[in-house]
Amino acid sequence: MKVKLTAIILSVFIIAPVFAACGKTDAGEKHVQDLNYEESTEEISNPDQGFYRPVYVKIDENGATYNKGVINSQTQLYHLRCDISAFSAAVNNATDKPLTDEAMEGLDALLFCLKENDKNAIVRFAYDPGYNGSADKEPALEVMLKHVESVCSVLNHYVNTVTAIETGLIGPWGEMHTSAAANPEHITPLINAFLIGASEIPVLVRTPKMIYDYIDVSDDKIEEISISPDEKAYRLGIYNDGYLGSESDLGTYRNRERDINFLSAQNAHLPFGGEVAVPDSPLHNIEACLPEMNKIHLSYLNSEWDNRVIKKWKNTFYTEACGLEKQYYGKTGFTYIQNRLGYRFVLKNSVFTYSSSSEKLNVRLTLQNAGFGNLNRNKRAKLIFTDSTGATAFIADYGEIALKDELEFNVEHGLESGKYDVYLRIYGEELQSAPLYCVKFANDGLWNNDLKANKIGSFELISA
């Protein structure tokens, strides 16, 4: 039997060549699925978000070295702090050097290790030896641009693994300050090189001003900025390593309200995060920080810095003063923030339309994103049908989709009579037939770890 598939994303329509034309669903009864539609307060480790762990990587002429023990089952997201100071004359007292093949092979091996372990990474390069806070260690600009070209040739093989590239390169810790090169004459060309060289990966800089400089917008025009998806700058956001540390976030913002209004729109489709700072700042009091975290679409934070702020959140509780989400009353502020970093999809309704003797099934899903941020990349989708024994009986592949609040799938399954459970797998890619970077819904009882998919309902077919 020829199988016809249709995937419809309400508000956003994605039509691949294998899809049948979107059309009227065959008549049948509507069945609201008997599932748990409430949000769980369980911690969920989904791709591209959450509390990350830093990994210090030394890259030299011979390859890349790092502590492999840091990569474990407890952490999904890592922050790769790549020291490439060996290639700068300001450090090696010789000459500026191109990145060697062995160096790039070492970076490639590290990223492949993360990929095969189903992990994500934010990547930053710097010329600060050992990430110890040294300034003015950069090579000449033309050398840095060549280095960007080299690393992008590796990063491009890992578009589902790399959550974002932090431009870095300049200044202590690659934080783009306290250096003679921390100026638009150096930063703007480096931004452009990353945006061109890694055209499918978000690129982040240290301050909104660096974005304003890149798009050449003066202060009096900032509130009028509108960046369209076909512009390179649409993929340009910031990382904030002074987060909530002061009114300016330790120099991140020149005008907090104005800059956050800009970032609210830009970060709606980009990852945003960094490190909290200064434990006595009132800005990270739990009642004060949550509304801004939501507005700025916070995606990730360092789990290790500032540990005093993390401890503060772990000793503070979510109450009515924080919001109306009663399921979190009595939970710590840390738990609430951890569960809200990035996206968090909750299945709110699932309706199957079919007749018991038909080979056609229509599925309509309603999702709620309860996270601060959004799912900033398209995913692939499959509907997986399992029989009464739990064995896979049929798979419908819908290719790439944009995950939205309303989803609709039509399928001709050709299944024999019997009872079937249906699962939705949302994933990034496959490695040796195993799905990677799968999205788990925040509902109790829906996740099937063997299938790496969320249960969305059941139905029964009866022979005519």
Side-chain angles (χ1 to χ4, degrees), residues 122 124 126 133 135-136 138 164-192 194-195 202-228 231-285 288-302 305-306 309 372-373:
I122 303 151
R124 185 197 303 175
D136 296 314
E138 304 85 5
I165 301 166
E166 294 181 351
T167 301
L169 295 175
I170 292 173
W173 311 286
E175 290 187 2
M176 308 180 78
H177 59 70
T178 321
S179 168
N183 55 57
E185 291 73 27
H186 285 78
I187 292 172
T188 295
L190 291 170
I191 292 171
N192 198 53
F194 272 121
L195 288 172
V203 175
L204 311 179
V205 290
R206 183 60 188 85
T207 69
K209 183 181 183 301
M210 295 173 186
I211 301 178
Y212 306 151
D213 289 339
Y214 178 77
I215 61 177
D216 194 23
V217 171
S218 58
D219 281 1
D220 61 326
K221 299 294 184 182
I222 290 172
E223 294 178 349
E224 302 173 17
I225 293 174
S226 177
I227 303 174
S228 65
E231 296 179 74
K232 293 196 299 290
Y234 191 76
R235 292 186 293 111
L236 185 56
I238 79 163
Y239 61 97
N240 187 344
D241 285 353
Y243 190 51
L244 302 176
S246 68
E247 180 61 29
S248 69
D249 279 4
L250 307 186
T252 301
Y253 306 129
R254 293 179 298 156
N255 179 319
R256 189 181 191 91
E257 181 178 2
R258 180 200 65 191
D259 290 344
I260 287 177
N261 283 339
F262 164 73
L263 291 172
S264 180
Q266 193 72 348
N267 292 345
H269 56 269
L270 292 171
F272 166 80
E275 298 176 333
V276 287
V278 188
D280 58 353
S281 167
L283 291 177
H284 44 60
N285 290 345
C289 66
L290 297 184
E292 184 178 289
M293 288 177 173
N294 188 62
K295 183 174 182 178
I296 207 167
H297 306 297
L298 184 64
S299 299
Y300 64 85
L301 288 173
N302 187 351
W305 187 268
D306 189 313
V309 178
F372 294 140

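Taken from CG in L283 to OG in S248, the straight-line distance is 9.5 Å, to the nearest 0.5 Å. Atom CZ of F194 sits about 15.0 Å away from atom NZ of K232, to the nearest 0.5 Å. Considering CG of L204 and CZ of R235, their distance stands at 11.0 Å, rounded to 0.5 Å. Put simply, CG on L290 and CG on N285 are 10.5 Å apart, with the number rounded to the nearest 0.5 Å. Summarising the geometry, atom CD1 belonging to I296 is positioned 6.0 Å from atom CG belonging to N267; distances are rounded to the nearest 0.5 Å. The CG atom of L301 sits 9.5 Å away from the CG atom of N240 when rounded to the nearest 0.5 Å.
Applying the salt bridge (Lys or Arg N to Asp or Glu O under 4.0 Å) rule to pairs touching residues 266-280 yields R81-E275, sequence neighbours excluded.
Applying the side-chain contact (heavy atoms from CB on, under 4.5 Å) test to E257 and every residue at least two apart in sequence or in another chain returns N255, N261. A268 pairs by the side-chain contact (heavy atoms from CB on, under 4.5 Å) definition with H297, N374, not counting sequence neighbours. Scored by the ring pair (Phe, Tyr, Trp, His ring centres under 6.0 Å) test, Y253 finds no partners at all (sequence neighbours excluded). H269 meets the ring pair (Phe, Tyr, Trp, His ring centres under 6.0 Å) test with Y234; sequence neighbours excluded. Applying the side-chain hydrogen bond (donor to acceptor under 3.5 Å, both in side chains) test to E292 and every residue at least two apart in sequence or in another chain returns R256. Shown here are the salt bridge (Lys or Arg N to Asp or Glu O under 4.0 Å) partners of D219, two or more places apart in sequence or in another chain: R254. For R124, the side-chain contact (heavy atoms from CB on, under 4.5 Å) partners are H79, Y131, E166, W173, E175, Y239, D241, not counting sequence neighbours. Applying the side-chain contact (heavy atoms from CB on, under 4.5 Å) criterion to P271, with sequence neighbours excluded, gives T163, A164, P202, S299, Y300, N376. For R258, the salt bridge (Lys or Arg N to Asp or Glu O under 4.0 Å) test picks out no residue, with sequence neighbours left out. Applying the salt bridge (Lys or Arg N to Asp or Glu O under 4.0 Å) criterion to D259, with sequence neighbours excluded, gives no partner residue. Applying the ring pair (Phe, Tyr, Trp, His ring centres under 6.0 Å) rule to Y214 yields no partners; only residues at least two apart in sequence or on another chain are considered.
The nearest pair of heavy atoms linking L244 to D249 is N-OD1, 3.0 Å. Pairing each heavy atom of T207 with each of T252, the nearest pair is CB-O, 3.5 Å. Minimum interatomic distance between S281 and G245 (heavy atoms only, all atoms of both residues): CB-O, 3.6 Å. Heavy-atom minimum distance, L263 versus P208: CD1-CG, 4.0 Å. Taking both residues in full, the closest heavy atoms of A233 and I215 are given as CB-CG2, 3.5 Å, listed atom of the first, atom of the second, then distance. The nearest pair of heavy atoms linking R206 to M210 is N-SD, 3.6 Å.
Not one N or O on the side chain of T178 forms a donor-acceptor pair closer than 3.5 Å with the backbone of G171. In this structure a side-chain-to-backbone donor-acceptor pair under 3.5 Å is missing from H284 to Y243. Using modelled atom types, no side-chain atom of E224 and backbone atom of K221 make a donor-acceptor pair closer than 3.5 Å. Panel note: side chain D136, backbone A180; a donor-acceptor pair is recorded below 3.5 Å.
Residues T167 and I187 form no side-chain contact, since every pair of their non-hydrogen atoms from C-beta on lies 4.5 Å or further apart. Inter-residue side-chain proximity for L236 and I191 is flagged as met; some heavy-atom pair is nearer than 4.5 Å.
Crowding of E223 atom CD: a count of heavy atoms from other residues, nucleotides or ligands under 6.0 Å not exceeding 12.
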